[in-house]
Amino acid sequence: MPFVLDVMSKCKKFNVNFLISPEREVVRDGEPCDGFFEAPEKGESGFLVVCIGKDLNEVLHTLAHEFSHLMQWYEDDPLYLAWEKHDNEENSIRLEEDAEKRALDMLEKWDILDAGASERSDKYISSLKEPPK
């Protein structure tokens, strides 16, 4: 799939290990998630991790979302820099909203945007704004 090959190529170029988990979720910082991006630091490689134990459309959406974080980092996006400096709820939500917008645009550009993507995106962003249980 050309989109996945493009992501893999950019990960290699930017010193980010592209890892695929056969699971539905991985645990990061004590929280289950569908994938994550961790930027390279001090000469160490970064990571882009995606779980593939779900529907292909969900997997591609997660990949586009996490790759969007990689691009935010690479571009020194002001939202990413603000989040990196102050990882608080407001900065996290703004960063995630931007990543979702980028992800949907990316899926559309690669002609792999499915009918449920906008709904998944809205549900995810809403979940971030809910008070903790």
Side-chain angles (χ1 to χ4, degrees):
M1 180 171 271
F3 169 61
V4 177
L5 293 175
D6 186 62
V7 169
M8 291 169 71
S9 167
K10 289 200 172 73
C11 282
K12 186 173 183 164
K13 179 180 175 183
F14 302 147
N15 191 27
V16 173
N17 293 315
F18 180 59
L19 303 172
I20 296 172
S21 167
E23 305 297 325
R24 288 184 56 81
E25 297 177 327
V26 291
V27 176
R28 176 149 194 259
D29 298 331
E31 295 291 321
C33 60
D34 297 340
F36 64 88
F37 167 68
E38 190 173 298
E41 259 183 56
K42 301 178 186 88
E44 297 288 318
S45 297
F47 294 94
L48 193 155
V49 177
V50 177
C51 296
I52 60 169
K54 295 187 177 186
D55 175 72
L56 179 60
N57 288 320
E58 289 181 57
V59 172
L60 292 172
H61 191 155
T62 299
L63 178 58
H65 176 93
E66 297 309 330
F67 184 67
S68 292
H69 284 312
L70 184 152
M71 294 309 296
Q72 289 169 326
W73 161 77
Y74 178 73
E75 295 165 359
D76 283 335
D77 185 285
L79 291 172
Y80 189 88
L81 296 174
W83 169 81
E84 206 171 39
K85 194 172 184 179
H86 301 287
D87 180 5
N88 58 33
E89 185 178 6
E90 182 185 337
N91 286 341
S92 292
I93 288 172
R94 288 178 35 210
L95 185 75
E96 293 302 316
E97 286 173 335
D98 182 66
E100 275 303 304
K101 180 187 178 312
R102 287 173 179 241
L104 294 177
D105 290 348
M106 198 180 303
L107 293 170
E108 187 171 17
K109 174 188 159 210
W110 286 95
D111 199 26
I112 51 176
L113 183 67
D114 71 295
S118 288
E119 187 179 325
R120 272 195 312 274
S121 186
D122 292 345
K123 186 177 174 185
Y124 172 64
I125 295 301
S126 292
S127 75
L128 298 175
K129 296 177 180 179
E130 291 174 2
K133 293 175 183 166

> Can you check side chain to side chain contact (heavy atoms under 4.5 Å, CB included) on His65 and Thr62, steps first, answer last?
Replying inline: CA-CA 5 Å; His65 176 93; Thr62 299; 5.5 Å; no
> Parallel under 30°, tilted from 30 to 60°, perpendicular over 60°: which one fits the rings of Tyr80 and Trp83?
Replying inline: tilted
> When rounded to the nearest 0.5 angstrom, what is the spacing between CG in Asn91 and CG in Leu81?
Replying inline: 10.5 Å
>> Strictly distance-based, threshold 3.5 Å: is any side-chain N or O of Ser121 a donor or acceptor partner for the main-chain N or O of Ala117?
In response: no
>> Can you see whether His61 engages Glu100 through a side-chain donor-acceptor pair at a distance of less than 3.5 angstrom?
In response: yes
> Where do Leu48 and His69 land on the side chain to side chain contact (heavy atoms under 4.5 Å, CB included) test, with the steps shown first?
Replying inline: CA-CA 9 Å; Leu48 193 155; His69 284 312; over 6 Å; no
>> Atom CD of residue position Glu89 - does it have more than 12 heavy atoms of other residues, nucleotides or ligands inside 6.0 Å?
In response: no
> Which heavy atom in Asp77 sits nearest to a heavy atom in Arg102, and how many Å separate them?
Replying inline: OD2-NH2, 2.9 Å
> Is there a chain of hydrophobic side chains (I, L, V, M, F, W, Y, each step under 4.5 Å between heavy atoms) that links Phe37 to Phe47?
Replying inline: no
> Do you know the tightest heavy-atom contact between Ala103 and Ser68?
Replying inline: N-OG, 3.4 Å
>> Is there a path of hydrophobic side-chain contacts, each under 4.5 Å between heavy atoms, that joins Val59 and Val49?
In response: no
>> If you define the side chain from C-beta out and look only at heavy atoms, does anything of Asp105 sit under 4.5 Å from Lys101?
In response: yes
> Are more than 12 heavy atoms from other residues, nucleotides or ligands located less than 6.0 Å from atom CD of Glu84?
Replying inline: yes
>> In this structure, would Leu107 and Met1 fall into the same cluster of hydrophobic residues linked by side-chain contacts under 4.5 Å?
In response: yes
>> Tell me the closest heavy-atom pair linking Leu70 and Cys11, and the distance in Å.
In response: CD1-SG, 3.9 Å
>> Applying side chain to side chain donor-acceptor pair (under 3.5 Å) as the test, list every pair that has at least one member in residues 109-119; sequence neighbours left out.
In response: Asp114-Arg120
> Going from CD on Glu38 to CZ on Arg28, what distance comes out if it is rounded to the nearest 0.5 angstrom?
Replying inline: 4.5 Å
> Do Arg94 and Asp98 meet the salt-bridge criterion of a basic N to acidic O distance under 4.0 Å?
Replying inline: no
When the side chains of residues 13-27 are checked against the rest of the protein, which donor-acceptor pairs come out under 3.5 Å, sequence neighbours left out?
unit_1 : atom_1 : unit_2 : atom_2 : d
Asn15  : OD1    : Ser45  : OG     : 2.9
Ser21  : OG     : Glu23  : N      : 3.1
Arg24  : NH1    : Gly53  : O      : 3.2

> Are Met8 and Val50 in one and the same hydrophobic cluster, where Ile, Leu, Val, Met, Phe, Trp and Tyr link if side-chain heavy atoms are under 4.5 Å apart?
Replying inline: yes
>> How long is the straight-line distance from CG of Asp34 back to CD of Glu58, given to the nearest 0.5 Å?
In response: 7.0 Å
> Going by an N to O cut-off under 4.0 Å, is there a salt bridge joining Glu96 and Lys129?
Replying inline: no
> Are Leu63 and Phe36 linked, directly or through other ILVMFWY residues, by side chains that come within less than 4.5 angstrom of each other?
Replying inline: no
>> Testing the basics here: between Cys51 and Cys33, what is the closest heavy-atom pair and its distance to 0.1 Å?
In response: SG-O, 4.1 Å
